[in-house]
Amino acid sequence: MTTPDTTVVIPLYDRFTALDVIGPYQMLALTPGVRVVFAAERPGPVLDDCRTLRLTAVGLDEAPRPDVVVVPGGPGTVHVLDGALPAWLREVHPATRWTTSVCSGSLVLGAAGLIDGLRATTHYRHLDKLPLFGAVPAEERVVVERDARIVTAAGVSSGIDMALRLVEFLTDTRTAQAVQLWTEYDPRPPFDAGSPSRAPEDVVALAAEFETAALEAATRA
């Protein structure tokens, strides 16, 4: 069960993907007994990949010791794989209840050495990068490695599913269901194109173009 000071830290970095953060934030922040803190290498506002959303973070060195960590993904991931964030994860992970990621955030867990030998998932466009960190790619929406206290989620929107699972782990199934209902999370997408296995080939190609452009913009920056 949660306690009044169950702390979730979501580390931010320049060009994070907004829903990777906001989806889990919404589910966890609405859970009784949980507080969510945004942290970053440097305190202050952090911009998302669309350059329009700013979230204010405390410094990683100021952040409270986390019970749970949720590492988001985004085009900016490429810039933090050898920075302060992986080092911070290595420091805090031994004492967390769960260390988790959404989308390409799993590559940051990999850079910290936390998924070596484990099954893990990430955005479908980056599954082939997981073996670089010793992980076994899994084409699943949420992958739980209980013994290692690691949870990884696939692309962007899957962070909501993962966060609800975390709510269950931190509290109980009934509470997680109540949070799901409170947020009316009852997805019925208008198109059946949410997986590369079902989307038309031209849609898969167009989505790849979108991501390539975002990554190129992040690299130039």
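The chain is numbered in sequence order, starting from 1. Note that this is a predicted model, so its numbers are computed, not measured. Every heavy atom of this structure was used, including side-chain atoms; hydrogens, water molecules and symmetry mates were not.
- Shown here for Y124 and A207, the closest heavy-atom pair between the two residues is OH-CB, 3.8 Å.
- The 12-atom threshold is exceeded at CD of E62, counting heavy atoms of other residues, nucleotides or ligands nearer than 6.0 Å.
- A distance of 7.0 Å separates CD1 in I150 from OG1 in T96, rounded to the nearest 0.5 Å.
- Rounding to the nearest 0.5 Å places CZ of R125 at 11.5 Å from CG of L127.
- V70 and V143 are not part of a single hydrophobic cluster, where members link through side-chain heavy atoms under 4.5 Å apart.
- There is no side-chain donor-acceptor pair under 3.5 Å between H126 and S104.
- Taking a 6.0 Å sphere around CZ of R54, one finds it holds 12 or fewer heavy atoms contributed by other residues, nucleotides or ligands.
- For D48 (side chain) and A18 (main-chain N/O), no donor-acceptor pair under 3.5 Å exists by modelled atom type.
- With rounding to the nearest 0.5 angstrom, the OG atom of S101 is 8.0 Å from the CG atom of L107.
- Counting non-hydrogen atoms of neighbouring residues, nucleotides and ligands closer than 6.0 angstrom, the CZ atom of R198 exceeds 12 such neighbours.
- If you chain together hydrophobic residues whose side chains sit under 4.5 Å apart, L47 and V102 never meet in one group.
- Counting all heavy atoms, side chain and backbone alike, T121 lies closest to A153 at CG2-C, 3.4 Å.
- The side-chain contact (heavy atoms from CB on, under 4.5 Å) test with T100 is passed by exactly one of T152, L166, V69, V142: L166.
- Annotation: side chain of V108 is in contact with side chain of P86 (closest heavy-atom distance under 4.5 Å).
- Atoms CE and CG, on M162 and L28 in that order, are 7.5 Å from each other to the nearest 0.5 Å.
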Verify side-chain contact (heavy atoms from CB on, under 4.5 Å) between L215 and V78, making sure each step is shown before the conclusion. CA-CA 8 Å; L215 289 172; V78 66; 5.6 Å; no
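- E145 contributes a side-chain N or O that, together with a main-chain N or O of R119, makes up a donor-acceptor pair within less than 3.5 Å.
- Listed here is the closest heavy atom pair of F169 and V151: CE1-CG2, 4.5 Å.
- The backbone N or O of V167 sits less than 3.5 Å from a side-chain atom of T171, completing a donor-acceptor pair.
- Within the 4.5 Å cutoff, the side chain of R35 has heavy atoms near those of the P64 side chain.
- Using a 4.5 Å cut-off between side-chain heavy atoms of Ile, Leu, Val, Met, Phe, Trp and Tyr, with links allowed through other members, L81 and L114 fall into the same hydrophobic cluster.
- Across all their heavy atoms, A112 and L89 have their closest contact at CB-CB, 3.9 Å.
- Take A29 and apply the side chain to side chain contact (heavy atoms under 4.5 Å, CB included) test, not counting sequence neighbours, and it matches Y25, V36.
- By the 4.5 Å heavy-atom criterion applied to side chains, T77 and Y13 are counted as neighbours.
- Between atom NE2 of residue H93 and atom CH2 of residue W98 there is a gap of 10.5 Å, rounded to the nearest 0.5 Å.
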Can you list the steps and then say if R51 with R15 is a side-chain contact (heavy atoms from CB on, under 4.5 Å)? CA-CA 7 Å; R51 320 310 284 163; R15 295 181 186 268; 3.1 Å; yes
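- Under the 4.5 Å side-chain criterion, counting only non-hydrogen atoms from C-beta, V80 is not in contact with E41.
- Counting non-hydrogen atoms of other residues, nucleotides and ligands closer than 6.0 Å to CD of E211 gives a total above 12.
- L130 is connected to L132 through a chain of hydrophobic side-chain contacts under 4.5 Å among Ile, Leu, Val, Met, Phe, Trp and Tyr, so both are in one cluster.
- Of all heavy-atom pairs between R65 and T7, the closest is O-CB, 4.2 Å.
- Few gaps surround CG on D202; more than 12 heavy atoms of other groups in view lie less than 6.0 Å from it.
- Taking each heavy atom of P24 and V21 in turn, the nearest pair found is CD-O, 3.4 Å.
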Could you walk me through whether I22 and L55 pass the side-chain contact (heavy atoms from CB on, under 4.5 Å) check? CA-CA 10 Å; I22 299 303; L55 295 178; 4.2 Å; yes
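- F191 is not listed as a side-chain neighbour of P200, based on a closest heavy-atom distance of 4.5 Å or more.
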Determine, step by step, whether V179 and Y185 satisfy the side-chain contact (heavy atoms from CB on, under 4.5 Å) criterion, reporting the C-alpha distance in whole Å, the side-chain angles of both residues, the deciding distance to 0.1 Å, and the verdict. CA-CA 9 Å; V179 171; Y185 179 54; over 6 Å; no
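- Atoms OG1 and CG, from T173 and L164 in turn, are 11.0 Å apart once rounded to the nearest 0.5 Å.
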